[in-house]
**Q** 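Take a look at this one; I'll ask things after.
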Amino acid sequence: MRMLSRATDILLLANLCTRVHALVGWPGGGTLVIGNAVQFDRETWERNLAGPNATGNLSVTGFDISQRWPSEEQDDWALSLNVSRDMPDSQTITPGNATGQTFTGTSIFLTAPGSIREAFINQSALDETTWKICVVVVPNGPQEDLSTANNGTCGFLSTQCVTDLQQAYAEKFSRTQDCYGTPPTTPSSCGDSVDAANFGVQQLPLNSVNGTEVFATASDSHDTGDKTAWTNATRQVWPVLTIWGWNARANAPEDSMPRVQLTCIRAADVEPGNESPSSARSRSHELAMAGLVVTSVAMFYVSF
């Protein structure tokens, strides 16, 4: 792909914004950028998202991609999410059009354990890798109350839907092609729960496993402190399919199938001072109930 000048990049971004299209990555690649995130350059976006107002963090099992495919499973991969509120429109790529509005931004990250991150500092490791990782982010997941468990499961999908989604993506990306083909159709077992036509698929550059976001999106512009945008961002469930595949250097047998994981994540951890009144009351109620449970258990133990 030919390199574009910075001026051309800005014009391209502006055109995409006005037509409400998605930009598949900032110049340099590696991140799927949708919604109003396209109105920010990477440096500004990352600066804002580095100090999030809410986060989500899940430990997932991946593979030791510093070794040849197929390798042993590797614990301590992390799927994480940051939400930052009130990003000023004066920081967009068109600051002259600023009206004092702000945006609420969301980034999703897939980060490798430290030993793998260190291995891919070496350019030769990137050049010689036999691995390919595709990441699929589902942008139309449901909203969940903050009290709902955030354990990585996708409770709004049936077991059959999850199985069929994993099978469909394993078959679609089972060979050595890149990750940018048309996603498979939505399995009938999923009903209206998800719509594959809205899925965003990205091939993850392996030097992005150091904590570079794989997905970025932002709300429509809103007034500072807008509670609707904040509530939507913190309650949004993001199903993420991770496809652990291979490239041509792996010489994989024809009948090989990649491992496909489906993990749902949301911003379960809200920084103090950022909760809406209803959320704060809910958290207070949870703490009170937890205290009652602990007290009851202690009393049962003593009486026993």
Side-chain angles (χ1 to χ4, degrees), residues 6 9-14 16-18 20-58 78-111 135 137 139 141 143 146 150 200 202 204-205 207-238 240 265-276 279:
R6 181 172 178 80
D9 289 340
I10 292 174
L11 287 173
L12 174 60
L13 285 165
L16 288 169
C17 291
T18 57
V20 202
H21 287 177
L23 174 67
V24 184
W26 285 293
T31 303
L32 181 68
V33 186
I34 70 170
N36 282 300
V38 300
Q39 298 204 46
F40 296 84
D41 62 36
R42 181 186 285 278
E43 181 181 358
T44 302
W45 180 268
E46 291 183 345
R47 184 173 64 250
N48 277 280
L49 272 293
N53 303 104
T55 59
N57 294 279
L58 294 170
L79 183 68
S80 58
L81 177 149
N82 286 1
V83 176
S84 289
R85 65 191 309 179
D86 295 334
M87 300 166 59
D89 60 1
S90 60
Q91 295 184 12
T92 66
I93 58 173
T94 55
N97 296 332
T99 60
Q101 296 277 286
T102 63
F103 298 88
T104 298
T106 299
S107 281
I108 295 176
F109 310 80
L110 180 65
T111 307
V135 179
V137 178
Q143 302 269 315
L146 293 177
N150 185 44
Q202 181 74 8
L204 183 67
N207 57 354
S208 290
V209 299
N210 62 356
T212 300
E213 57 268 274
V214 299
F215 176 85
T217 189
S219 67
D220 291 335
S221 61
H222 54 75
D223 293 332
T224 300
D226 181 82
K227 289 184 171 57
T228 300
W230 174 246
T231 299
N232 289 343
T234 54
R235 295 188 177 186
Q236 177 73 41
V237 175
W238 297 97
V240 180
I265 189 169
R266 62 175 173 78
D269 302 311
V270 179
E271 293 298 312
N274 287 281
E275 292 181 333
S276 64
S279 299

**Q** With side-chain contact (heavy atoms from CB on, under 4.5 Å) as the test, would you mind laying out the steps for Arg266 and Arg235 before giving the verdict?
**A** CA-CA 7 Å; Arg266 62 175 173 78; Arg235 295 188 177 186; 5.9 Å; no

**Q** Begin from the C-alpha positions of Asp86 and His222 and carry the test side-chain contact (heavy atoms from CB on, under 4.5 Å) through to its verdict.
**A** CA-CA 8 Å; Asp86 295 334; His222 54 75; 3.6 Å; yes

**Q** Does Leu204 reach the side chain of Val209, with side-chain heavy atoms less than 4.5 Å apart?
**A** yes

**Q** Report yes or no: does Thr31 contribute a side-chain atom to a donor-acceptor pair with the main-chain N or O of Phe215 at less than 3.5 Å?
**A** no

**Q** Quick one: does Thr44's side chain have a donor or acceptor within less than 3.5 Å of a partner on Asp41's backbone?
**A** no

**Q** Any heavy-atom pair between the side chains of Val214 and Gln202 that's under 4.5 Å?
**A** no

**Q** Mind checking what makes side-chain hydrogen bond (donor to acceptor under 3.5 Å, both in side chains) contact with Asp89, not counting sequence neighbours?
**A** Thr99

**Q** Can you check whether Gly96's main-chain N or O pairs, donor with acceptor, with Thr94's side chain at less than 3.5 Å?
**A** no

**Q** Under the side-chain contact (heavy atoms from CB on, under 4.5 Å) rule, what do Phe103 and Phe40 come out as? Steps first, then yes or no, please.
**A** CA-CA 10 Å; Phe103 298 88; Phe40 296 84; 3.7 Å; yes

**Q** Thr55: which residues meet the side-chain contact (heavy atoms from CB on, under 4.5 Å) condition with it, sequence neighbours left out?
**A** Pro52, Asn57, Asn82, Asp269

**Q** So, do Arg85 and Thr102 sit near enough that their side-chain heavy atoms are less than 4.5 Å apart?
**A** no

**Q** Verify side-chain contact (heavy atoms from CB on, under 4.5 Å) between Ile265 and Phe109, making sure each step is shown before the conclusion.
**A** CA-CA 11 Å; Ile265 189 169; Phe109 310 80; over 6 Å; no

**Q** So, taking the atom named CG in Asn53 and the one named OG1 in Thr234, what distance separates them when rounded to the nearest 0.5 Å?
**A** 10.5 Å

**Q** Which residue, Thr104, Ile34, Val38, Val137, forms the side chain to side chain contact (heavy atoms under 4.5 Å, CB included) with Thr217?
**A** Ile34

**Q** Side chains of Ser219 and Trp230: any donor to acceptor distance under 3.5 Å?
**A** no

**Q** Check Ala267 against Leu81 and note the closest heavy-atom contact, atom names and distance.
**A** CB-CD2, 3.6 Å

**Q** Between the side chain of Asp226 and the main-chain N/O of Ala229, is any donor-acceptor distance below 3.5 Å?
**A** yes

**Q** Any chance you could lay out the side-chain hydrogen bond (donor to acceptor under 3.5 Å, both in side chains) test for Ser107 and Trp45, step after step, and finish with the verdict?
**A** CA-CA 9 Å; Ser107 281; Trp45 180 268; 2.7 Å; yes

**Q** Strictly distance-based, threshold 3.5 Å: is any side-chain N or O of Ser221 a donor or acceptor partner for the main-chain N or O of Gln101?
**A** no

**Q** Using a strict 4.0 Å threshold on nitrogen-to-oxygen distance, state whether Glu213 and Arg42 make a salt bridge.
**A** yes

**Q** Can you tell me how far the OG atom of Ser80 sits from the CG atom of Leu58, to the nearest 0.5 Å?
**A** 9.0 Å

**Q** Please determine whether side-chain hydrogen bond (donor to acceptor under 3.5 Å, both in side chains) holds for the pair Thr212 and Asn210, giving the CA-CA distance in whole Å, both sets of side-chain angles, and the decisive distance to 0.1 Å.
**A** CA-CA 6 Å; Thr212 300; Asn210 62 356; 3.1 Å; yes

**Q** With sequence neighbours left out, write down each residue that passes side-chain hydrogen bond (donor to acceptor under 3.5 Å, both in side chains) with Asp220, or none if nothing qualifies.
**A** Asn36

